[in-house]
2 protein chains.
Amino acid sequence: MMDEERQALVAELVKNAIPGWAIAVVRLNKAVADRLGVAESDVQCLHVLDRLGPATPGALAKQVGLTTGSASRMIDRLVAAGCVRRVADPGDRRRVLIEPTPDGIARVSAAYAGLITRTEQSLAPFDDRALETILEFVRSAHRDTAAELHHLPTPTD
Amino acid sequence: MMDEERQALVAELVKNAIPGWAIAVVRLNKAVADRLGVAESDVQCLHVLDRLGPATPGALAKQVGLTTGSASRMIDRLVAAGCVRRVADPGDRRRVLIEPTPDGIARVSAAYAGLITRTEQSLAPFDDRALETILEFVRSAHRDTAAELHHLPTPTD
DNA sequence: ACGCAGTAGCTGCGCGACGCAGCTAATTTA
DNA sequence: TAAATTAGCTGCGTCGCGCAGCTACTGCGT
């Protein structure tokens, strides 16, 4: 059985602190999309490309949570905005690789430069031991969220 | 000057771990909206109501990042879905208070019950000292994100 | 070698969420 | 009391999205 102190800490984290942060993150994502003049999906797509490198439209559709048709239009917009390029796959002539342009990467990272600076400053008071704890936590939170993504999508209810 | 170990930890956090989590959070938010059969803004609205209690349409519009007109339609949808109620403000007859229904609260928290359980399990290995560190970090990250929202918004701001 | 199912991506169409501008009603101010 | 301000709601155009169907290419089986 958990002691009360610990229970209160966990409850505060999962019921208040983390959800509050998550809500702000979603709002910020929308704000960034509005600021860049693109759809939220487009920003998400650029994030995925920035993290995973070139990918096919089909893979991007899965990552972003769109149908392949909508992903095709999304890529059209990003190409028109000069953020990505369509590159033919020589090995399979059906496939197309979507590749972020330097300008696309620069634009999206510029939008987050302020937040990164703020966060670095907020991390300053923590010692190395604490930073390791935080990193471990963030990674586990990422795993949990990703896992939930694969268990939740049951539209057939 | 920071030692290299510390610099690597901070860089990993702000350039990989946190963005990776944030991307998953945005995807999950969209997945939950799809699952509940409502717009992403609607889910965000329910979150805000859950955390802050009854609010006016204007306040909700600000919190969610919509115009008052779009917020009005959003509330129409949530009323139709049985998630919120419009309650007249007796003190100011122009104003309307939006109040979540028990059913609305229940539905949105049910959608996140799995994630909360997962997260509680992931927090089990951390001792009380580590949990305090994590809580402190999450709160500061929340503050940073919220602050960025007010500095980034519209170019006309 | 040939045909046929499977895969990858793109397009016509309708739906719905959004912003904008304008409206009414109620409150506040001069 | 009249004018200005605030709160919320509605017509209309725009645009992102899913769905279904299409073409092009691959690879499997006979």
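Residue numbers start from 1 in every chain, and the chains themselves are labelled A, B, ... in the order their sequence lines are given, proteins ahead of strands.
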Would you mind telling me which residue lines up with the more 5' stretch of DNA chain D, Pro57(B) or Val38(A), judged by nearest nucleotide?
->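 The answer here is Pro57(B).
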Got a donor-acceptor pair under 3.5 Å from the side chain of Arg94(B) to the base of dT6(D)?
->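 Side chain to base: pair found, below 3.5 Å.
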May I ask you to say whether [X] pairs ionically with [Y], meaning some side-chain N is under 4.0 Å from a carboxylate O?
X	Y	result
Arg107(A)	Asp103(A)	yes
Asp144(A)	Arg139(A)	no
Glu40(B)	Lys30(B)	no

Spacing between [X] atom [atom1] and [N] atom [atom2], to the nearest angstrom:
X	N	atom1	atom2	answer
Arg86(B)	dA7(D)	CZ	P	16 Å
Lys30(A)	dG16(D)	NZ	P	13 Å
Glu40(A)	dC15(D)	CD	C1'	14 Å

Under 4.0 Å between a side-chain N/O of Ser41(A) and OP1 or OP2 of dG16(D), yes or no?
-> no
In this structure, CD of Gln44(B) is separated from CG of Asp42(B) (nearest 0.5 Å) by 10.5 Å
With rounding to the nearest 0.5 Å, note down the distance linking OH in Tyr112(B) to OG1 in Thr119(B).
-> 11.5 Å
Using chain A heavy atoms and a threshold of under 4.0 Å, write down where along DNA chain C the contacts begin and end, 5' to 3'.
-> dG6(C) to dC13(C)
Among side-chain atoms of Ser70(A) and Thr67(A), is any donor-acceptor pair under 3.5 angstrom?
->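 Result is yes, a qualifying pair exists.
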Test item: side-chain donor near acceptor, Arg118(A) and Ser122(A), under 3.5 Å = no
In residues 65-83 of chain A, which residues come under 4.0 Å of DNA chain D by heavy atom?
-> Gly65(A), Leu66(A), Thr67(A), Ser70(A), Arg73(A), Arg77(A)
Is there any ring pair (Phe, Tyr, Trp, His ring centres under 6.0 Å) pair reaching into residues 72-92 of chain B, and which pairs are they, with sequence neighbours excluded?
->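 Output for this query is empty, none listed.
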